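Let me begin by presenting the structure, written as structure tokens, before commenting on it.
Small disclaimer: the values here were computed from a predicted structure and weren't measured.
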2 protein chains.
Amino acid sequence: MAGRRPTVYDVARQAGVSIATVSFAFRRPAEVRAETREAVLRAAQEIGYVPSASARGLAQRRTGALGLHSFEYLLDRPQGLTEGAVPLQVADLDLDQDVVSWDQLGPGAVSGPAAFPLYVDEVQRGFELEARRHGRPVLVGRSAESGGDVTETAGRVDGLAIFPGRAAERLVREVRLHMPVVVFGSPPDDDPHHHVLADNRGGARELVRHLVTVHGLSDLAFVGSQAPWDLRERFFGMRGELEALGLPAPDEVCDDTDLVDGATFDGVRALVTSGRLPHALVCGSDQVALAVLELLAREGVRVPEDIAVTGFDGILAGRLGAVPLTTVAQPMEAMGRVAVHLLMGAGDEGGRVVRLGTRLQVRRSCGCSRPPTS
Amino acid sequence: MAGRRPTVYDVARQAGVSIATVSFAFRRPAEVRAETREAVLRAAQEIGYVPSASARGLAQRRTGALGLHSFEYLLDRPQGLTEGAVPLQVADLDLDQDVVSWDQLGPGAVSGPAAFPLYVDEVQRGFELEARRHGRPVLVGRSAESGGDVTETAGRVDGLAIFPGRAAERLVREVRLHMPVVVFGSPPDDDPHHHVLADNRGGARELVRHLVTVHGLSDLAFVGSQAPWDLRERFFGMRGELEALGLPAPDEVCDDTDLVDGATFDGVRALVTSGRLPHALVCGSDQVALAVLELLAREGVRVPEDIAVTGFDGILAGRLGAVPLTTVAQPMEAMGRVAVHLLMGAGDEGGRVVRLGTRLQVRRSCGCSRPPTS
DNA sequence: TTGTACGCGTTATCAC
DNA sequence: GTGATAACGCGTACAA
């Protein structure tokens with residue numbers, strides 16, 4: 001297994017040719033005599049030659065790979081929708097047993113509700129699928145919100161898609177990467193990057209229209225931090241639709257909790273204890289909505305009987321709880337695919353903005369008993 | 001955006017130092033005078049310097065990344081559990097519209113039942129999480145079952161985990177990669193690779209015990225190709241437990257359909273039309289089980305009233321159908337994490353076998369009405 | 001502390 | 001068709 005990795009020189013010696021011929025045999029097989037080619041390939045096979053992507057990348061000035069970098073705020077527990085989820089500590093396991101029993105693995109081992117793919121994961125899925133269609137390997141990099149790490153990822157790829165996360169929006173705007181860059185869900189400023197985003201305002205408006213016109217709810221409150229641009233857009237969308245419907249719109253969100261470990265949701269909690277609940281809590285994202293559902297359940301508030309709750313994103317976890325979540329779905333796989341498409345478009349010079357439509361997904365948490373769509 | 005990428009030479013010139021100093025400023029900041037370091041970093045920032053991983057990898061003889069390569073049989077439609085799923089064709093989209101409406105995206109856009117993460121995806125998730133804990137970027141490569149592509153992935157990483165898929169087992173055994181390698185779910189032969197696998201026999205036995213002792217079912221039939229090693233193990237496990245319980249065990253599977261596009265399941269179909277159904281269909285994997293459930297539903301056979309159906313793996317999709325699937329869950333996230341752990345263990349020389357325990361997940365499809373576990 | 005020079009394994013441009 | 005040989009950008013002895 002170990003030992004020095006064989007190089008073109010080793011193959012050349014083994015086959016009795018020069019390194020140029022070896023390179024040709026691999027890259028332009030047609031321009032090499034058949035027997036020489038055979039000999040080279042056989043030699044390579046025998047000694048276990050694996051071309052070094054580093055050397056190739058250096059010589060060609062391109063790596064051939066595409067990158068996807070996420071800035072994450074829940075760094076080592078992205079798998080947990082709720083607090084307290086402890087990732088599996090592999091180092092603590094005794095792997096030499098005959099069978100490492102399930103019980104030793106703890107909750108981090110299984111696809112429980114805490115292990116569903118989140119927003120980023122579902123977009124990543126589309127990214128990987130599309131990249132594979134182009135024959136490109138994908139490099140997945142993740143980091144906390146410091147800037148250095150993104151160049152770490154960037155150095156390995158020919159094009160990069162970025163999830164700026166909660167607070168890296170400015171950082172991403174400033175970084176200069178000298179390669180095609182796609183930014184997800186971030187305001188399309190005058191930066192040189194491509195932008196792929198969902199129609200946040202439109203989606204929020206459609207959702208609000210449903211709550212108002214179908215369920216007759218008029219007193220809506222928004223839950224979710226206003227730091228990320230897309231959540232602000234959703235709040236604006238909600239206000240815009242309320243006004244368009246002739247209803248009073250709140251000036252502020254009722255709870256701007258940031259979804260970090262141990263988020264308390266004081267605003268929602270205050271509403272509950274005051275006993276003056278609004279008709280609906282419009283949450284800025286599915287993850288926020290799921291946390292709110294959990295909180296309400298603990299407090300004995302029934303959804304949707306006592307109050308409606310909605311999300312935004314359309315992640316799988318929303319379908320699976322005791323109260324399936326009404327939400328605005330983003331076309332996550334499509335967003336990932338579009339990002340690859342933009343990165344592969346060598347011609348254009350960046351700065352494109354692709355806005356994808358959303359779809360209202362009516363489930364139980366808004367009060368619909370027999371959802372028209374699943 | 002475009003233009004030549006800045007190098008250490010550019011930074012050095014800009015900062016008025018030598019390239020060695022630039023390199024030091026990044027890699028051993030302590031050994032460089034503070035002001036020089038500042039100057040270098042500022043210069044780098046200004047001109048948008050991104051270190052080339054290719055050059056670095058070449059110089060250090062290691063890339064710093066870990067790889068995960070899957071051989072897949074459903075190459076461009078891994079998202080579909082059923083046939084006919086057509087992936088989104090990004091190239092056909094007009095991305096210059098104000099908003100690309102949802103309807104233009106087609107079914108490939110959304111997390112529908114056809115977009116759930118499959119076995120490979122869930123293991124990959126654990127792999128990525130653990131890799132990030134070690135600060136390693138992950139390179140995801142996928143290919144059909146030809147051998148060349150795996151070296152393509154291998155050339156880019158310091159350690160590689162491989163899903164051999166349906167038929168690449170032998171190929172993987174023969175390839176010599178000169179780096180730590182982990183193989184998932186493949187027989188632990190005398191190859192130099194590490195192996196991470198689930199306790200297939202044990203899991204199958206526990207499942208059969210449940211069917212026999214709790215539900216009183218005795219006539220069990222196995223569904224699923226016997227080409228992959230782990231499916232064979234599961235069939236052996238089933239037979240072993242039946243014999244241990246004093247029941248007759250089938251010599252052969254009742255249907256060895258390979259799960260490819262347009263799989264017909266003639267064996268199952270024959271049982272249905274003959275009217276002589278066994279008590280239970282023990283399927284070799286969840287994906288097979290879900291396809292069988294679909295077939296039975298079309299044929300008007302009720303599950304679990306007319307027949308019990310079980311799976312193996314524990315993928316999310318199994319929880320979500322009309323009839324939630326009783327299955328044997330593998331600790332998929334844990335398997336991914338363990339793989340990284342092994343790849344990072346520089347000391348040992350390969351050939352370790354880690355077998356992880358499974359867990360019976362009782363849901364509706366076996367006939368349990370109020371599942372003891374979710 | 002900082003600079004010079006060589007090596008890392010490929011690709012590609014030339015001669016032959 | 002094949003063989004020398006010069007980049008490619010960075011790390012790092014070694015020298016200064």
Side-chain angles (χ1 to χ4, degrees), chain A residues 3-41 43-44 47-65 151-152 154-158 177-179, chain B residues 3-41 43-44 47-65 151-152 154-158 177-179:
Chain A
R4 218 179 93 282
R5 306 248 272 263
T7 71
V8 272
Y9 294 97
D10 301 311
V11 178
R13 184 162 3 94
Q14 177 89 1
V17 297
S18 78
I19 62 163
T21 306
V22 175
S23 187
F24 275 145
F26 278 100
R27 304 193 57 74
R28 287 201 274 280
E31 302 178 21
V32 150
R33 202 180 354 134
E35 356 177 353
T36 358
R37 189 184 350 132
E38 299 294 316
V40 169
L41 296 181
I47 66 180
Y49 168 67
V50 175
S52 153
S54 296
R56 177 176 300 177
L58 188 56
Q60 298 189 149
R61 308 153 129 266
R62 13 179 256 99
T63 67
T151 64
E152 189 69 28
R156 300 169 178 277
V157 299
D158 297 330
L177 297 175
H178 297 276
M179 69 179 68
Chain B
R4 216 179 95 282
R5 305 247 273 262
T7 73
V8 271
Y9 296 97
D10 301 311
V11 178
R13 186 163 1 95
Q14 176 89 3
V17 297
S18 79
I19 62 161
T21 305
V22 174
S23 188
F24 277 148
F26 278 99
R27 304 191 59 72
R28 287 201 272 281
E31 301 177 21
V32 148
R33 202 182 351 140
E35 355 177 353
T36 350
R37 189 183 354 132
E38 297 293 315
V40 169
L41 296 182
I47 66 180
Y49 168 66
V50 175
S52 154
S54 296
R56 177 176 299 176
L58 189 55
Q60 298 188 149
R61 308 155 129 265
R62 14 180 255 97
T63 67
T151 65
E152 189 69 27
R156 301 170 178 276
V157 298
D158 298 330
L177 295 176
H178 298 274
M179 68 179 71

Tell me: [atom1] of [X] to [atom2] of [N], nearest whole Å?
{"X": "B:Arg56", "N": "C:dT10", "atom1": "CZ", "atom2": "C1'", "value": "19 Å"}
{"X": "A:Gln60", "N": "D:dG9", "atom1": "CD", "atom2": "C1'", "value": "15 Å"}
{"X": "A:Arg62", "N": "C:dT10", "atom1": "CZ", "atom2": "C1'", "value": "14 Å"}
{"X": "B:Tyr9", "N": "D:dC8", "atom1": "OH", "atom2": "P", "value": "9 Å"}
{"X": "B:Phe24", "N": "D:dA15", "atom1": "CZ", "atom2": "C1'", "value": "13 Å"}
{"X": "B:Glu35", "N": "C:dT1", "atom1": "CD", "atom2": "C1'", "value": "12 Å"}
{"X": "A:Ile19", "N": "D:dT5", "atom1": "CD1", "atom2": "P", "value": "11 Å"}
{"X": "A:Arg5", "N": "C:dT10", "atom1": "CZ", "atom2": "C1'", "value": "14 Å"}

Under the side chain to side chain contact (heavy atoms under 4.5 Å, CB included) rule, what do B:Arg61 and A:Arg5 come out as? Steps first, then yes or no, please.
-> CA-CA 9 Å; B:Arg61 308 155 129 265; A:Arg5 306 248 272 263; over 6 Å; no
Notebook entry, point to check: Would you say the side-chain atoms of B:Arg62 pair up with the backbone N or O of B:Asp158, donor to acceptor, closer than 3.5 Å?
Noted result: no
Would you check if the side chain of B:Thr63 reaches a backbone N or O of B:Arg156 as a donor-acceptor pair within less than 3.5 Å? yes
How would you label the contact of [X] with the nucleic acid (heavy atoms, under 4.0 Å): base, sugar-phosphate, or nothing?
{"X": "B:Ser23", "answer": "base"}
{"X": "B:Tyr49", "answer": "sugar-phosphate"}
{"X": "B:Thr36", "answer": "sugar-phosphate"}
{"X": "B:Val22", "answer": "nothing"}

Original post:
Can you check side chain to side chain contact (heavy atoms under 4.5 Å, CB included) on A:His178 and B:Val50, steps first, answer last?
Top reply: CA-CA 8 Å; A:His178 297 276; B:Val50 175; 5.6 Å; no
Original post:
Run the side chain to side chain contact (heavy atoms under 4.5 Å, CB included) check on A:Gln14 and A:Asp10 step by step: do they pass?
Top reply: CA-CA 6 Å; A:Gln14 177 89 1; A:Asp10 301 311; over 6 Å; no
Closest to the 5' end of DNA chain C, once B:Arg33 and A:Val8 are matched to their nearest nucleotides, is B:Arg33
- Query: B:Thr21 side chain N/O closer than 4.0 Å to the phosphate oxygens (OP1, OP2) of C:dG3?
  - Reply: yes
Would you tell me if any nitrogen or oxygen in the side chain of A:Ser18 comes within less than 4.0 Å of OP1 or OP2 on D:dG3? yes
On DNA chain D, more 5' by nearest nucleotide between B:Arg28 and B:Leu58 is B:Leu58
